[in-house]
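Here the structure is laid out as structure tokens; the discussion comes afterwards.
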Amino acid sequence: MAEDKIVQSFDPGVIPADDDPCPFCNISTAFAPFPPDHPPSSSESSLDPARLAPPAFIVLSTPSLIAFLDILPLSYGHLLLCPRSHRSKLTDVEPQEAADLGYYLRILSAALVRTTGVPDWNVIQNNGAAAAQVVNHVHYHLIPRPEIRASGRFKESFTMFGRGVREELDDDEAAVLADKLRQSIAAVMEEEARKGRL
């Protein structure tokens with residue numbers, strides 16, 4: 001395992017060539033699984049975002065999946081969820097991976113709402129370059145959508161499918177947010193277990 005290794009940096013403004021190392025595979029390799037209902041402390045080296053360049057802020061790491069903050073978020077809390085194994089498109093995902101993705105999309109959605117306080121969100125999954133897939137590794141975007149019309153901000157709109165202005169993730173804010181999300185995931189899973197839903 002690449003505990004102290006810095007993996008090749010990823011430029012989100014450039015579509016990677018087919019033979020370039022997959023940044024999501026790099027993340028999957030750099031971070032070991034942990035129990036989602038008992039995540040490690042943010043101070044543990046197993047979650048050190050600086051293992052990679054750019055840093056990766058992990059919120060969920062199971063044997064089959066990994067979720068992390070988007071490095072160019074469309075809104076506060078924008079997450080990516082993907083299988084650990086390299087799969088280019090959704091049709092390449094194994095049946096158990098598909099079941100795990102569906103299960104954790106629901107858990108992550110509840111944790112995202114709890115953490116951000118934003119009750120509306122998008123779940124987006126793109127397949128292929130023509131469908132706006134930049135990284136050739138199947139992944140879901142979970143994007144909080146705060147209400148902008150009620151606040152009178154009519155000129156603002158949300159970026160969709162990679163178009164428009166996206167700001168870089170602030171590392172200090174990301175570390176705090178990732179920790180809050182891990183704690184929210186654990187809380188959601190505990191509540192689900194009490195209800196007999198897990």
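Just the heavy atoms: all of them, side chains too, but no hydrogens, waters or symmetry mates, feed the values below.
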>> Could you check whether F31 and F68 have their ring centres less than 6.0 Å apart?
In response: no

> Does a side-chain N-to-carboxylate-O contact under 4.0 Å join E191 and K195?
Replying inline: no

> Honestly curious: do I124 and L74 fall in one hydrophobic cluster under the side-chain, below-4.5 Å linking rule?
Replying inline: yes

>> Has N122 got a side-chain atom pairing as donor or acceptor with P144's backbone, closer than 3.5 angstrom?
In response: no

> Do you know which two heavy atoms are closest between S42 and D179, and how far apart they sit?
Replying inline: CB-OD1, 3.6 Å

>> Restricting to non-hydrogen atoms, name the atom on V138 and the atom on C82 that form the minimum distance, rounded to 0.1 Å.
In response: O-CB, 3.1 Å

>> Could you measure the distance from the OG atom of S41 to the CG atom of L47? Nearest 0.5 Å is fine.
In response: 8.0 Å

> Any side-chain heavy-atom pair from L108 and L81 closer than 4.5 angstrom?
Replying inline: yes

> How far apart are the closest heavy atoms of V113 and P119, and which atoms are they?
Replying inline: CG1-CA, 4.1 Å

> About how many Å separate CZ of R87 and CG of N136, when rounded to the nearest 0.5 Å?
Replying inline: 13.0 Å

> Taking all atoms of both residues into account, what is the closest heavy-atom pair of P39 and P36, and its distance?
Replying inline: CD-O, 3.6 Å

>> Please evaluate residues R84 and T62 with respect to the criterion side chain to side chain donor-acceptor pair (under 3.5 Å), reporting the C-alpha separation (whole Å), side-chain torsions for both, the decisive distance (0.1 Å), and the verdict.
In response: CA-CA 9 Å; R84 283 185 172 277; T62 74; 5.5 Å; no

> For the residue pair A30 and L52, what are the closest heavy atoms and their distance?
Replying inline: CB-CD2, 3.9 Å

>> For D171 versus P55, what's the shortest heavy-atom pair and its separation?
In response: OD2-CG, 3.7 Å

> Is it true that a side-chain atom of E97 and a backbone atom of E94 form a donor plus acceptor pair closer than 3.5 Å?
Replying inline: yes

> How far does CZ of R51 sit from CD1 of I58, to the nearest 0.5 angstrom?
Replying inline: 9.5 Å

> Do L79 and V118 sit in the same hydrophobic cluster, where Ile, Leu, Val, Met, Phe, Trp and Tyr count as joined when their side-chain heavy atoms come under 4.5 Å apart?
Replying inline: no

>> Is it the case that the ring center of H139 lies less than 6.0 angstrom away from the ring center of H141?
In response: yes

> How long is the gap from OG on S85 to CD1 on I66, to the nearest 0.5 Å?
Replying inline: 11.5 Å

> If you measure from CD1 on I143 to OG1 on T116, what distance do you get to the nearest 0.5 Å?
Replying inline: 12.5 Å

> Got a salt bridge between D92 and K89, using NZ or NE/NH1/NH2 to carboxylate O under 4.0 Å?
Replying inline: no

> Is there a chain of hydrophobic side chains (I, L, V, M, F, W, Y, each step under 4.5 Å between heavy atoms) that links Y103 to L60?
Replying inline: yes

